[in-house]
Every structure is written in structure tokens, then in C-alpha cells.
Amino acid sequence: MSVSDYTEIEGLPAGDRKPYKPWSYDSANATLYIPRLGAGQDRWFAAALSGQKGKAPSRLGVFAERSQHKRWEMVSVVDLDSPKLPDIALDRDGYATAVAADGNKHLAADADLLRAAVLDNFATGGTNTGTKVFAPTKASKRQIEVHDKTGARYGTQGTTVFVGAANRYTDAYALKTTDGGALILFSHTHTQTDAVAHSGLQINPGKDDRAWLHDVPRTSITYTFVCNDAATVPAKAEPSRLIGYTCARTDASGPPVPSWSDRA
């Protein structure tokens with residue numbers, strides 16, 4: 001996601017590029033949720049973070065120790081819709097409790113079901129599983145709005161279709177909450193394919209597409225998005241709550257219009 005941001009900016013005309021500004025999280029204002037882990041378990045922790053001194057946290061991040069890189073890395077970060085954080089269960093020493101994010105029979109939903117519901121929000125507007133798995137929240141409504149508004153923007157001139165895509169980032173993280181449920185952080189990948197309705201029409205890439213599409217008109221464009229999601233899940237059979245998500249476009253491709261193909 002970070003690399004794609006650099007890629008997109010470097011594809012802009014020089015006059016449209018904004019200079020990078022140093023930034024950091026306010027460590028004094030961070031809330032850390034460090035799970036007590038057993039021998040052999042992967043080491044990780046979650047952190048509620050703010051980019052502004054004295055401000056309430058606006059993001060949830062996950063840091064994990066990557067043995068192959070021999071370092072700690074931020075592996076997930078989600079923009080929250082509310083500064084009110086989930087109530088994480090802590091033991092008397094202040095440690096959080098990590099629980100299984102996948103295949104956990106003690107939760108109303110696991111990461112796989114949550115991921116499928118998020119993808120359904122984008123693909124169908126939540127018709128199949130999205131609105132059944134999730135209670136209405138700002139985050140879930142926003143995903144459904146992306147489907148509804150983006151899918152209709154071309155009218156009779158074109159179509160937009162969202163589908164799930166191969167997901168490289170299957171790791172998910174879960175912390176027990178005080179109500180017996182869990183906070184689950186996971187990732188998903190989806191594509192958005194825009195296509196003209198008939199020959200003679202073309203889609204002109206915008207300046208933010210330039211890094212991938214090079215200002216060449218296309219008959220269809222498939223965008224790939226990698227996203228991080230956060231949801232609170234109850235222990236009993238009730239809907240979960242999507243509390244935030246963050247997406248980045250990581251690729252774009254599509255066939256040029258015939259006149260450009262002939263020229264090439």
C-alpha cells in the first residue's frame with residue numbers, strides 16, 4: 001500500500017507532485033495492546049495511534065515481528081470512524097489476550113467470514129452476506145455506497161463491476177474484548193473493472209492513473225485495491241460491527257482503444 005502511494009505520486013506531472021513532509025505518530029498518546037503469548041507463538045501487538053499531539057487515536061495498527069526480515073514491522077493500519085476504542089480485555093498485569101482470528105467457534109464470525117462480507121459490500125452492496133454479517137456502521141455503509149455510486153456513474157455508457165481478488169495477506173489478528181467477543185484485524189483485496197458499453201467509446205485515465213496507464217485511452221480498466229479492515233465480533237449469534245477500513249489502489253491495467261493498439 002505504501003509503495004503504491006509512491007508509485008502514484010511519481011507518475012504525476014512534476015507540477016502536481018506535492019513535496020513529502022515528515023510525519024510521525026504521537027507515541028506519548030498511543031495505547032498499546034500487548035497480548036501475553038506462549039512459547040512458539042508469533043509475536044505481535046496492536047496500537048491505537050494518533051498523528052496529532054494531544055488528539056484521540058484515529059488509527060489502529062498491528063506490529064508484528066518478521067523473522068525472515070529480523071525486525072518488527074507495521075503490517076496493518078486501519079483508519080477508525082470513531083475515536084471510541086473497543087473495550088479490550090486486560091489481565092491484572094495489563095496484558096491483552098490474543099484469540100484465534102480464523103476458525104474460532106466461540107465467536108459469531110471469524111476473519112474469513114468477515115472478509116467475505118466486506119467483499120460482498122463492494123460486489124453487491126451487501127445483498128448476500130454483507131448486511132447479514134454486519135450491523136449498519138459508518139464503515140459498512142461507506143463500502144455499500146462505493147458499490148452503489150460507482151456502479152451507476154457511467155449510466156448507459158459503461159459498467160463497473162467489483163469482485164474479490166487473490167489475497168496475499170491472509171494473516172489476521174484478534175484480541176479478546178470485555179464482552180467475550182473479539183476485535184479482529186484482517187486484510188482483503190478486490191478489483192474494480194470499468195468497461196465501455198459498446199465500441200466507439202473510451203475511458204480516459206485520470207492523472208492519478210498515469211503511473212499505471214500512461215494517459216492511454218482504454219476500453220476497460222481493472223483497478224486492484226489492497227485494504228485493511230477492523231471489526232468487533234460478539235461471542236453470541238449477533239451481527240458484527242465494521243469499525244473502519246483503509247484501501248490503496250495498487251495496480252491498474254486494461255486494453256487500449258483500437259486506434260492506440262494499431263499505433264503501438
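The structure displayed is predicted, hence computed values, not measured ones.
- Aromatic pair His188/Phe122: ring centres closer than 6.0 Å.
- Across all their heavy atoms, Leu114 and Ala109 have their closest contact at CD2-CB, 4.0 Å.
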Can you list the steps and then say if Asp81 with Arg142 is a salt bridge (Lys or Arg N to Asp or Glu O under 4.0 Å)?
CA-CA 11 Å; Asp81 285 314; Arg142 196 161 63 250; 3.0 Å; yes
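- The closest donor-acceptor contact from the side chain of Lys55 to the backbone of Gly51 lies at 3.5 Å or more, if one exists at all.
- One N or O on the side chain of Arg115 and one on the backbone of Ser187 form a donor-acceptor pair closer than 3.5 Å.
- Between the side chain of Ser4 and the backbone N or O of Arg249 there is at least one donor-acceptor pair closer than 3.5 Å.
- For the pair Arg36 (side chain) and Ala98 (backbone), a donor-acceptor distance under 3.5 Å is absent.
- Contact annotation: the side chain of Pro86 never approaches that of Arg241 to less than 4.5 Å [non-hydrogen atoms, C-beta and beyond].
- Side chain of Asp229 to main chain of Tyr245: no donor-acceptor pair is present (N/O by atom type, distance under 3.5 Å, no hydrogens or angles).
- More than 12 heavy atoms of other residues, nucleotides or ligands lie within 6.0 Å of OH in Tyr154, so this atom counts as buried by the packing criterion.
- Side chain of Thr131 to main chain of Thr127: no donor-acceptor pair is present (N/O by atom type, distance under 3.5 Å, no hydrogens or angles).
- Using a distance-only test at 3.5 Å, with no hydrogens or angles considered, no donor-acceptor pair links the side chain of Thr150 to the main chain of His147.
- Looking at Lys138, its side chain never comes within 3.5 Å of a backbone N or O of Gly244 through a donor-acceptor pair.
- To the nearest 0.5 Å, atom CD1 of residue Ile144 and atom NZ of residue Lys141 are 9.0 Å apart.
- Not one N or O on the side chain of Asn121 forms a donor-acceptor pair closer than 3.5 Å with the backbone of Gly125.
- Contact record, Pro35 with Phe45: CD-CA, 3.9 Å, taken as the closest heavy-atom pair.
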What do the steps show when you test Asp215 against Lys207 for salt bridge (Lys or Arg N to Asp or Glu O under 4.0 Å), and what is the final call?
CA-CA 8 Å; Asp215 299 328; Lys207 66 179 182 179; over 6 Å; no
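- Nearest heavy atoms, Ala111 versus Asp102: CB-OD1, 3.2 Å.
- Ring to ring, Tyr173 and Trp44 are close: their centroids are under 6.0 angstrom apart.
- Using modelled atom types and a 3.5 Å distance limit, the side chains of Asp194 and Tyr223 yield no donor-acceptor pair.
- Looking only at atom types and distance, the side chain of Ser140 has a donor-acceptor partner in the side chain of Thr137 under 3.5 Å away.
- Counting only heavy atoms from C-beta outward, the side chains of Leu60 and Leu80 approach each other to under 4.5 Å.
- Of the inter-residue distances, the one linking Leu12 atom CG with Arg17 atom CZ reads 7.0 Å to the nearest 0.5 angstrom.
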Might you work through the side chain to side chain donor-acceptor pair (under 3.5 Å) test for Asp251 and Thr224, ending with a clear yes or no?
CA-CA 5 Å; Asp251 193 21; Thr224 300; 4.7 Å; no
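- In the displayed structure, Asp16 atom CG is contacted under 6.0 Å by more than 12 heavy atoms of other residues, nucleotides or ligands.
- For the residue pair Asp208 and Trp212, the shortest heavy atom distance occurs at O-CZ3, 3.7 Å.
- Looking only at distances, no side-chain donor or acceptor of Arg66 sits under 3.5 Å from a matching main-chain atom of Glu73.
- Checking Thr246 against Asn228 by side-chain atom types alone, no donor-acceptor pair falls below 3.5 Å.
- In this structure, Thr156 OG1 and Leu201 CG are separated by 9.0 Å, a value rounded to the nearest 0.5 Å.
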For Thr160 and Gln192, run side chain to side chain contact (heavy atoms under 4.5 Å, CB included): C-alpha distance rounded to whole Å, both residues' side-chain angles, the deciding distance at 0.1 Å, then the answer.
CA-CA 7 Å; Thr160 296; Gln192 170 191 326; 3.7 Å; yes
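- For the atom pair OG1 (Thr97) and CD1 (Ile88), the distance works out to 10.0 Å, reported to the nearest 0.5 Å.
- Side-chain atoms of Thr222 and Thr193 include a donor-acceptor pair closer than 3.5 Å.
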